[in-house]
Amino acid sequence: MIADTNPPFLRAYKAIIHEHTSPLPPPPPPPPANEASVDLPLIDLGRLIFDPVVCKAEIRTAAAEWGFFQVVNHGVPLELLECLRRVQANLFRLPFAEKEKGRLLDFAVGCYKWGTPTATSLAQLSWSEAYHIPLVSPQVPTKLKARRVIDEYAMRVAQLAYQLVGILAEGFEGGNFDNNNYIEENCRPSSCYLRLNRYPPCPIRGVHGLVPHTDSDFLTLLHQDQVGGLQLMKGGRWITVNPNYNALIVNIGDLFQAWSNNAYKSVEHRVMANPHTERFSTAFQLCPSYGTIIQSPESPSLYRSFTFMEYKLQIQEDVKTFGRKIGLQRFISSTSANDTTQP
Ligand SMILES: O=C(O)CCC(=O)C(=O)O
Ligand SMILES: [Fe+2]
């Protein structure tokens, strides 16, 4: 018998699935009637050399107006991306029991996650599995080739994230916001993560691959395959992001929104599960150390000062109490708060 590679979603979430629907295979999907699809603003980073002022301005405008944009000529070789995708597919093709047991490729125990253990309804369930890999600098270079590919990708993409964050931070009030190298000091590679995502085909219609959320970091750099399914909230409705295999998607996280005093937007996004096809994506998360204080240098500041640890603990508590993350609204400063900001 061939060992099953997929997590046992139907068995584990039987109760919430049967409450809402029966898991019959869906008919082929009709084109969604009211769902728009878009190409995100596309920025050619090659122009940073020839036309830096205009290129940087485009990056800042996209971050302010969309919170999401994509970059090409990003310096991460396509062959490396392809190699990473093969490593990623192989990791997920292992028997489920092996993935759950952990310690694959020297990953920390517990870095493999699937589904949503706290879900009490179908709307809260994420039909996906992931390896959350902290970026630790290896004491001894690893002999594992697959691990080397992951580390190489993480290093390249981290460099790109620092470069982009520098450009974004230069752009406040016409001056340099980051004179003190705040991001480089506080978001060292050792507090960043790489998340390898797989979205198995899902036989139940309308289920999320990843439930609606904003990212609890400074910046996320995402690579998605050609399957599609990523959607973001714009103008009060969900729009589907057209995949572009050559591009990396950049999105602003909650911490950057707070630090920039809302100049840049952390936009809600989600992934819709696909009934027929598995999907892969890779997310690099630029995170600070837990003790880092998030406080906009602008005055007045829209958010009170908080540490990253406080932010994470508040999210955990809200997920337990309300079944969802409330996020930045929790940290609006008392001078700018009004009644509508409370859950
Ligand atoms: O898989 C995707 O397209 C999105 C992943 C994502 O939003 C995340 O990892 O935070
Ligand atoms: Fe996300």
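The first residue of the sequence shown is numbered 1, and numbering continues consecutively from there. As the structure lists them, so they are numbered: ligands from 1, and atoms in each ligand from 1.
Partner Q70 forms a side-chain contact (heavy atoms from CB on, under 4.5 Å) with one of L222, V250, L42 and no other, that one being L42.
Put simply, the angle at the Fe ion (ligand 2) from OD1 in D215 to NE2 in H269 is close to 90°, to the nearest 10°.
The ligand atoms of ligand 1 that sit less than 4.0 angstrom from a heavy atom of D215 are 10 (O). Listed by number with element, the atoms of ligand 1 under 4.0 angstrom from any heavy atom of N197 are 5 (C), 9 (O). Residue A283 has at least one heavy-atom neighbour below 4.0 Å for each of these atoms of ligand 1: 9 (O). In the vicinity of Y199, heavy-atom distances shorter than 4.0 Å reach the ligand 1 atoms 1 (O), 2 (C), 4 (C), 5 (C). Ligand 1 places these atoms under 4.0 Å from at least one heavy atom of H269: 7 (O).
Put simply, the side chain of I294 does not reach to within 4.5 Å of the side chain of Y311, judged on heavy atoms. Using a 4.5 Å cut-off on side-chain heavy atoms (C-beta onward), T307 and Y290 make no contact.
Of all the heavy atoms of L222, the ones lying under 4.0 Å from any atom of ligand 1 belong exclusively to the side chain.
Nearest protein neighbour of atom 10 (O) of ligand 1, counting heavy atoms only, is R195 NH2, 2.8 Å. Protein heavy atom nearest atom 4 (C) of ligand 1, with residue, atom name and distance: V271 CG2, 3.7 Å. From the protein, the heavy atom lying nearest to atom 6 (C) of ligand 1 is L210 CD2, 3.4 Å.
D4 and N6 get closest at one heavy-atom pair: OD1-N, 3.3 Å.
Using the six-membered ring where Trp is involved, F92 and Y112 have ring planes that are tilted, between 30° and 60° apart. In this structure, F218 and Y182 have perpendicular ring planes: the angle between them is above 60°, well past the 30° mark.
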Next item on the list: May I have the step-by-step check of side chain to side chain donor-acceptor pair (under 3.5 Å) for T120 and Q124, ending in yes or no?
Entry: CA-CA 7 Å; T120 54; Q124 293 171 348; 3.1 Å; yes
Check: Does the pair T240 and Q231 meet the rule for a side chain to side chain donor-acceptor pair (under 3.5 Å), with working shown?
Finding: CA-CA 4 Å; T240 298; Q231 299 184 337; 3.2 Å; yes
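Heavy-atom distances between H213 and ligand 1 reach below 4.0 Å in at least one pair.
Across the listed options Q224, R279, M272, R279 owns the non-hydrogen atom lying nearest to atom 3 (O) of ligand 1.
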